[in-house]
Amino acid sequence: MAVIGAGIAGLATAARLAVAGHPVTVFEAGATFGGKMHQFALPGGYRFDAGPSLFTLPQLVDDIFRLAQREPADYFRYERLDPITRYFFADGTQLTAWAEATKFATEVEEKLGTPAAAVTQFLARAGRAYDATAGTFLHKSLHKAGTYFSPETLKAVAALPQLGLLGTMHQRHEKAFGNDPRLVQLFDRYATYNGSDPYQAPATLSMIPHLEHGIGAFYPEGGIYAIAESLNRLATEFGVKFRYNEAVEEIIVADGRVTGLRTAQDVYDFGRVVSNMDVVPTYRRLLPREPAPERTLSQPRSSSALIFYWGISREFPELDLHNIFFSADYQRELKSIFQQKTVADDVTVYVNITSKKTPTDAPPGHENWFVMVNVPHDQGQDWPALTQQTRAAVLRKLSQALGTDIRPLIATEKIWTPPGIAADTSSFGGALYGSSSNNALAAFLRHPNFSGRLEGLYFCGGSVHPGGGIPLCLLSAKIVSSLINEG
Ligand SMILES: Cc1cc2nc3c(=O)[nH]c(=O)nc-3n(C[C@H](O)[C@H](O)[C@H](O)COP(=O)(O)OP(=O)(O)OC[C@H]3O[C@@H](n4cnc5c(N)ncnc54)[C@H](O)[C@@H]3O)c2cc1C
């Protein structure tokens, strides 16, 4: 069988299927594997992870090695982060998000004045909501009748109102921490973990912080790329063939079923094809004559990002691996992204510095800064102008918060924009996480992991069920391989 694309979901799917005994060929348009999870170097000795930087649920990677009866640590190692994130608020307040919930809650009480109990109760509730719902909404296909008739699903649906998960995420946070807008902003930010808007996204997403404070945030030894590297190694050991620089141009179908693939180089026979390409271009470009599920494909996209990769010629001991510099008016910033489809003049800036954990990622005395701003997906905006405006705003914010002019410290630079992300990974509009979760039904409106019309066609990756981000991409691979293995 064939997999189109060697993103994290394509790698995990290929590895799982090969371990189950299927012969698998992966076609990758690019020169190597990883997709959004690729790495690159900049002159002067800096290494960067290009895309994802925050890693949760590492057991989903371990599971694949265990399935193969291999020791996970022989392929892939990681450490639990503590602290997780350093926050810098616009009013000058600084806060450290410690991993352990009670220590974090104490820090909140000391720095922001909100009673620690409000935070511990909120996180405990998030944990209960996650435990009640994840098994149904994330680990299974939502498009198979069997999922709905299980007692587990009925339990999950019944739990939602009791868990206070009706309304929007922002409403939920206002209810919990209404007298502290900074804490509301901190928890609202978790909507951006899947490219959504807390003012529209359902309160069910308020369970995301549980992943960090209940289960843990992790750093893979050597950086995020190590995840892709370890799965590529396992897949290769189990006989998966990787054909790089070979973009699939057509999925060939006859009599309602998949019969093969066409690339610029050749035509291949395959009875089963898994597309790890974004679902929109899969239909538009690879299946142009087949009826497409228009309602599904027209769901609003998640946000994209502007990323500045900077080699910085100094060290900043006050910074950690994950650092957030908040805007003064989050509602205005998010309205710019999701309603006005532009970038506000005051933005929240995320700075990820892997050289804090992997010193060889930058020369001694230097740091590798991955500086990211959430922006709308590409709809033809003037990106050169927005990039210039945002770069200036980011430099102003960071220089002010850190009390040092950052501009002269930038030794080398690369920039990734929404059109660049779209061109490099075929993601529709450069959206980071496929469709957004900006309405209560979004989970049900994502494309299923299989085609209801074409036998032998399957889908994995961030643009289909259960959604974007590393853990959900890994779960899409698990669902697809179960669908194939169970016939
Ligand atoms: C800047 C950025 C920051 C992010 N931050 C985080 C984070 O902190 N934590 C997190 O969990 N997630 C994060 N994400 C999201 C995460 O990276 C993605 O959800 C995930 O990597 C998507 O993987 P995927 O398997 O769906 O496909 P992709 O990574 O999009 O890979 C798809 C692959 O398919 C190939 N392809 C496409 N079309 C064809 C074709 N026709 N023929 C052959 N090959 C083709 C592409 O070249 C690509 O290699 C971030 C993403 C970005 C870009």
Side-chain angles (χ1 to χ4, degrees), residues 2-14 25-38 48-58 60 85 192-195 208 211-212 217-219 224-225 227-228 231 242-251 261-265 273-282 284-287 302-309 321-322 350 352 370-375 377 415-418 420-428 430-434 459-464 466-477 480:
V3 176
I4 304 172
I8 186 64
L11 289 170
T13 302
T25 305
V26 179
F27 292 84
E28 168 53 54
T32 186
F33 56 86
K36 294 186 185 76
M37 193 190 279
H38 69 276
F48 290 90
D49 283 313
S53 53
L54 182 82
F55 179 43
T56 54
L57 298 177
L60 296 175
T85 306
T192 67
Y193 278 30
N194 66 13
I208 299 176
L211 294 179
E212 290 186 359
F218 297 84
Y219 179 74
I224 289 280
Y225 181 68
I227 306 172
L231 289 179
F242 286 88
R243 301 187 69 91
Y244 295 114
N245 297 309
E246 189 162 0
V248 172
E249 295 181 347
E250 184 185 355
I251 297 172
L261 293 177
R262 182 175 58 75
T263 71
Q265 284 91 326
V273 168
V274 183
S275 181
N276 176 215
M277 184 187 194
D278 187 306
V279 68
V280 177
T282 298
R284 303 285 185 241
R285 290 193 229 152
L286 307 191
L287 291 162
S302 68
S303 54
S304 184
L306 264 177
I307 309 112
F308 304 93
Y309 307 90
L321 176 67
H322 300 297
Y350 166 55
N352 174 253
F370 164 108
V371 180
M372 181 175 126
V373 173
N374 293 312
V375 303
H377 73 277
I415 302 177
W416 213 16
T417 63
I421 295 169
D424 294 342
T425 68
S426 287
S427 295
F428 185 55
L432 304 193
Y433 304 94
F459 297 87
C460 66
S463 67
V464 297
I470 305 165
L472 301 192
C473 285
L474 293 169
L475 286 172
S476 76
V480 163

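Whatever order the structure lists them in is the order used to number ligands and atoms, beginning at 1. All heavy atoms count here, side chains included; hydrogens, waters and symmetry mates do not.
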Note the single closest protein heavy atom to atom 41 (N) of ligand 1, along with its residue, its atom name and the distance in Å.
-> Val248 O, 3.0 Å
Check: Ser53 N/O within less than 3.5 Å of ligand 1 N/O = yes
Pro52 contact mode with ligand 1 (heavy-atom cut-off under 4.0 Å) | both
Would you say Ser463 touches ligand 1, if touching means a heavy atom closer than 4.0 Å?
-> no
Just distances here: any N/O of Glu246 and N/O of ligand 1 closer than 3.5 Å?
-> no
Any N/O pair Asn276/ligand 1 closer than 3.5 Å = yes
Are any side-chain N or O atoms of Thr417 and backbone N or O atoms of Gly420, one a donor and one an acceptor, separated by less than 3.5 Å?
-> yes
Going by the side-chain contact (heavy atoms from CB on, under 4.5 Å) test, name the single residue among Pro471, Ser476, Cys473 that passes it with Ile8.
-> Cys473
Atoms in ligand 1 flagged as close to Gly461, the criterion being non-hydrogen separation under 4.0 Å | 26 (O)
Compute the shortest N/O to N/O distance between Met277 and ligand 1 and return yes if it is under 3.5 Å, no if not.
-> no
What do we get for Tyr193 next to ligand 1 when only non-hydrogen atoms under 4.0 Å count, side chain, backbone, both or neither?
-> neither
Any idea which protein heavy atom is nearest atom 9 (N) of ligand 1, and the distance to it?
-> Leu54 O, 2.9 Å
What's the shortest distance from atom 1 (C) of ligand 1 to any protein heavy atom, and which residue and atom give it?
-> Ile307 CD1, 3.4 Å
Is there a side chain to side chain donor-acceptor pair (under 3.5 Å) between Glu249 and Thr263 once you walk through the steps?
-> CA-CA 5 Å; Glu249 295 181 347; Thr263 71; over 6 Å; no
Start with the C-alpha distance between Val274 and Phe459, add both sets of side-chain angles, then the distance that settles side chain to side chain contact (heavy atoms under 4.5 Å, CB included), and finish with yes or no.
-> CA-CA 5 Å; Val274 183; Phe459 297 87; over 6 Å; no
Is a side-chain donor or acceptor of Ser302 paired with a backbone partner of Gly434 at a separation under 3.5 angstrom?
-> yes
Going by distance only, is there an N or O of Ile8 that falls short of 3.5 Å from an N or O of ligand 1?
-> yes
Can you tell me the protein heavy atom closest to atom 53 (C) of ligand 1 and the distance?
-> Leu432 CD2, 3.4 Å
With a cut-off of 4.0 Å, which atoms of ligand 1 are near a heavy atom of Gly35?
-> 29 (O), 31 (O), 48 (C), 49 (O)
Gap between atom CZ of Phe428 and atom CZ of Arg284 - 0.5 Å precision | 7.5 Å
Return a yes/no value for Lys36: is any of its N or O atoms, backbone included, closer than 3.5 angstrom to an N or O of ligand 1?
-> yes
Looking at Phe27, which atoms of ligand 1 are within less than 4.0 Å of one of its heavy atoms?
-> 43 (C), 44 (N)
Check: Arg262 and Val248 side chains under 4.5 Å, non-hydrogen atoms = no
Classify the side-chain pair Tyr350/Ser53 by whether it contains a donor and acceptor separated by less than 3.5 Å.
-> yes
Does any N or O in the side chain of Asn194 come within less than 3.5 Å of the main-chain N or O of Gly468, such that one atom is a donor and the other an acceptor?
-> no
Please confirm whether Phe48 and Tyr225 have ring centers closer than 6.0 angstrom.
-> no
Considering only protein heavy atoms, which is closest to atom 46 (C) of ligand 1, and at what distance to one decimal place?
-> Glu28 OE2, 3.5 Å
Kindly indicate, with the supporting measurements, whether the criterion side chain to side chain contact (heavy atoms under 4.5 Å, CB included) is fulfilled by Glu250 and Leu261.
-> CA-CA 6 Å; Glu250 184 185 355; Leu261 293 177; over 6 Å; no
What atoms in ligand 1 come closer than 4.0 Å to a heavy atom of Ser426?
-> 37 (C), 38 (N)
Step-by-step side chain to side chain contact (heavy atoms under 4.5 Å, CB included) determination, Ile224 to Phe55 | CA-CA 8 Å; Ile224 289 280; Phe55 179 43; 3.8 Å; yes
Non-hydrogen side-chain atoms of Met372 and Leu432 separated by less than 4.5 Å = yes
Atoms of ligand 1, numbered as shown, that sit under 4.0 Å from any heavy atom of Ile4 = 40 (C), 42 (N), 43 (C)
Report yes if the side chains of Arg243 and Gln265 come closer than 4.5 Å at any heavy-atom pair, otherwise no.
-> no
When distances are taken from atom 34 (O) of ligand 1, the protein heavy atom at minimum range is Gly5 CA, 3.3 Å
Please could you name the atoms of ligand 1 that Gly34 approaches to less than 4.0 Å, counting only its heavy atoms?
-> 29 (O)
Ignoring hydrogens and angles, tell me if any N or O in the side chain of Asp49 forms a donor-acceptor pair with the backbone of Gly51 under 3.5 Å.
-> no
Are any of the N/O atoms in Ile470 less than 3.5 Å from those in ligand 1?
-> yes
Assess whether side chain to side chain contact (heavy atoms under 4.5 Å, CB included) is satisfied between Ile4 and Asn276, documenting all intermediate values.
-> CA-CA 5 Å; Ile4 304 172; Asn276 176 215; 5.8 Å; no
Does the Glu28 side chain pair with the main chain of Ala6, one donor and one acceptor, at a distance under 3.5 Å?
-> yes
Heavy-atom nearest option to atom 44 (N) of ligand 1, drawn from Ala29, Ala6, Ala12 | Ala29
Could you tell me which atoms of ligand 1, counted from 1 in the order shown, lie closer than 4.0 angstrom to a heavy atom of Gly469?
-> 10 (C), 11 (O), 12 (N), 19 (O)
Within the structure, does Ala9 bring an N/O atom to less than 3.5 angstrom of an N/O atom in ligand 1?
-> yes
Protein heavy atom at shortest distance from atom 26 (O) of ligand 1 = Gly462 N, 2.8 Å
protein heavy-atom neighbour closest to atom 22 (C) of ligand 1 works out as Cys473 SG, 3.7 Å
Would you say Leu286 and ligand 1 have an N/O pair spaced under 3.5 Å apart?
-> no
Going by distance only, is there an N or O of Gly468 that falls short of 3.5 Å from an N or O of ligand 1?
-> no
